A.B. asks: 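Could you have a look at this structure, given as structure tokens, before my questions?
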2 protein chains.
Amino acid sequence: MRYDKGHKENTRRHILEAASTRFRRDGIEAVGVAELMSDAGLTHGGFYSHFSSKEDLVRATIEHAADGARARFRELMNDAGLEGWIRRYLRPEHRDHPERGCLGAALVSELSRHSATTKAAVSQWTVKVFDDVAAHLPSTIPRQKRRMVAVGIFSTMIGALQLARVAPDAKTADEALESGIACALQLAGLKPQSRLQPKARTS
Amino acid sequence: MRYDKGHKENTRRHILEAASTRFRRDGIEAVGVAELMSDAGLTHGGFYSHFSSKEDLVRATIEHAADGARARFRELMNDAGLEGWIRRYLRPEHRDHPERGCLGAALVSELSRHSATTKAAVSQWTVKVFDDVAAHLPSTIPRQKRRMVAVGIFSTMIGALQLARVAPDAKTADEALESGIACALQLAGLKPQSRLQPKARTS
DNA sequence: TGTACATCAGTGAACGCGCGTTCACTGATGTAC
DNA sequence: TGTACATCAGTGAACGCGCGTTCACTGATGTAC
């Protein structure tokens, strides 16, 4: 068969989305190219007409996921503000479904061992997160501290989510999320006296 | 040859130490059993008289590393206090040498995809860290908030270290560490007005 | 309008390789007699 | 004291398997004439 204009680009996007889900769920190394292509409804041989190597796919997946994440970040920040974003990032559904969540939290320690090019793709995304968070901090945070606070808030969030994911029981896992929320809010200068329990939130 | 009493236990410890270093440097999945045994000066066949599987080694390595980490934590906490520990954890040497540093920071996102038994080993360690940190918080932190603050501080630290490790340039990487220190200290109620620069520290 | 050819996304067999694991074996030494 | 045997940590060849990557091929359709 011969394909529509735009067909190949569509296929590429399908592969990227399959990779994004699989990588977050199982880790990069644990997922094979053949498995991935089969998820996208294709056979493995065609992979190399889309990407030059698996590592190239990893880089492209990070960039693809970062674009999506940033768009969702902005939407949410407008709807629910910084506090809403923090609570949403650290809710139990996010902990329990890494395959639909933050690629950074799912893969950061694995990615730190990848190529400089791949790490640069991650870092371009984290730098944007820092900027976005800094821009939404309350005006009580002095200008020269905003970036530092933004980096600290995101460190707390990504760390708390990962600790929650290795917790062996619900109590420890919930505690990690709740502590992350309370501490991130405190750093942001929001509700320093806030209750420990996060509000129940739905998507 | 026939071996000394205690020889086998010694060999086991050598394997655990080789695994601990290699896993932190390259990730668990990237390191083969044969490679590991060769690091320990042995051939791969003998591996299974020490461990029932690679996953069993992973669990044992976490427990081994946790014992060492806790001993070092206590020593440092007595010498330098909570602030000293935070600064030491987030110093550039730790970022640049994961193979000699915190196993949790190096492997947490990979470990979240391992067996429940393995995750339980990680979590037993994190729970002890939380207890140790909570016990060393200044008395200004109210009793019922201490544990939450301890969890938040460690989340910030482990998150900041990982973000520093994916940073593509020295400036971004240093910023992550410095922000982590400043925010961890603020959460701990230590020097909320502290400078952004960490003190230069040596081992 | 009809025919021959070019295009090119996707197919699937095959490659060399390293993985985790198994197992028959080695050989130095302790023990039984 | 001397000899035969048991022990057991470690050896290294071999297993089946799945990996990333390559490549000759397919076949539906667009294009040239």
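Lettering of chains follows the sequences in order, A, B, ..., and the numbering in each one begins at 1. For clarity, every value in this text was computed on a predicted model and none was experimentally measured.
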A.B. asks: When you measure from every atom of DNA chain C, which of residues 39-47 of chain B have a heavy atom less than 4.0 Å away?
C.D. replies: His44(B), Gly45(B)
A.B. asks: Separation of His7(B) atom NE2 from dT29(C) atom P, in whole Å?
C.D. replies: 12 Å
A.B. asks: Without swapping roles, check the side chain of His136(B) against the backbone of Asp132(B) for a donor-acceptor pair under 3.5 Å.
C.D. replies: yes
A.B. asks: Between dA9(D), dT21(C), dG20(D), which one does the side chain of Lys54(A) approach most closely?
C.D. replies: dG20(D)
A.B. asks: Quickly work out the Tyr48(A) OH to dC8(C) P distance and round it to whole Å.
C.D. replies: 22 Å
A.B. asks: Nearest-Å distance, CD1 (Ile28(A)) to C1' (dC19(D))?
C.D. replies: 16 Å
A.B. asks: Any non-hydrogen side-chain atom of Phe130(B) less than 4.5 Å from a side-chain atom of Ile153(B)?
C.D. replies: no
A.B. asks: Using whole Å, what does the distance between atom P of nucleotide dG20(C) and atom CG of Leu36(B) come to?
C.D. replies: 9 Å
A.B. asks: Between Arg165(B) and Arg95(B), is there a donor-acceptor pair closer than 3.5 Å when you use the side chain of the first and the backbone of the second?
C.D. replies: yes
A.B. asks: With a 4.0 Å limit, can you tell me whether Thr11(A) has a side-chain N or O closer than that to the phosphate oxygens OP1/OP2 of dG10(C)?
C.D. replies: yes
A.B. asks: Ile86(B) versus Met157(B): any side-chain heavy-atom pair under 4.5 Å?
C.D. replies: yes
A.B. asks: Nearest whole angstrom, please: distance from the C1' of dC8(C) to the CD of Glu9(A).
C.D. replies: 16 Å
A.B. asks: Does this structure show an ion pair linking Glu83(A) with Arg87(A), if we count only N-O contacts that are shorter than 4.0 Å?
C.D. replies: yes
A.B. asks: Rounded to the Å, how far apart are His14(B) NE2 and dA9(D) C1'?
C.D. replies: 14 Å
A.B. asks: Pairs counted as Watson-Crick or G-U wobble with both distances under 3.5 Å: what dot-bracket string results for DNA chain C, using | for bases tied to another strand?
C.D. replies: .||||||||||||||||||||||||||||||||
A.B. asks: State, with a plain yes or no, whether a side-chain heavy atom of Tyr89(B) is found less than 4.5 Å away from one of Ile181(B).
C.D. replies: no
A.B. asks: Give the rounded distance in Å between these two atoms: CE of Met37(B) and C1' of dG18(C).
C.D. replies: 17 Å
A.B. asks: Considering only dT21(D), dG10(C), dG20(C), which nucleotide approaches the side chain of His50(A) most closely?
C.D. replies: dG10(C)
A.B. asks: Counting distance only, does the side-chain N/O of Lys54(A) pair as donor-acceptor with the main-chain N or O of Ile28(A) below 3.5 Å?
C.D. replies: yes
A.B. asks: What is the distance from CD of Glu29(A) to C1' of dG20(D), rounded to the nearest Å?
C.D. replies: 12 Å
A.B. asks: Might you point out which heavy atoms bring His64(B) and Glu17(B) nearest each other, and give the distance in Å?
C.D. replies: NE2-OE2, 3.3 Å
A.B. asks: Show the nearest heavy-atom pair for residues Thr156(B) and Cys183(B), with the distance to one decimal.
C.D. replies: CG2-CB, 4.2 Å
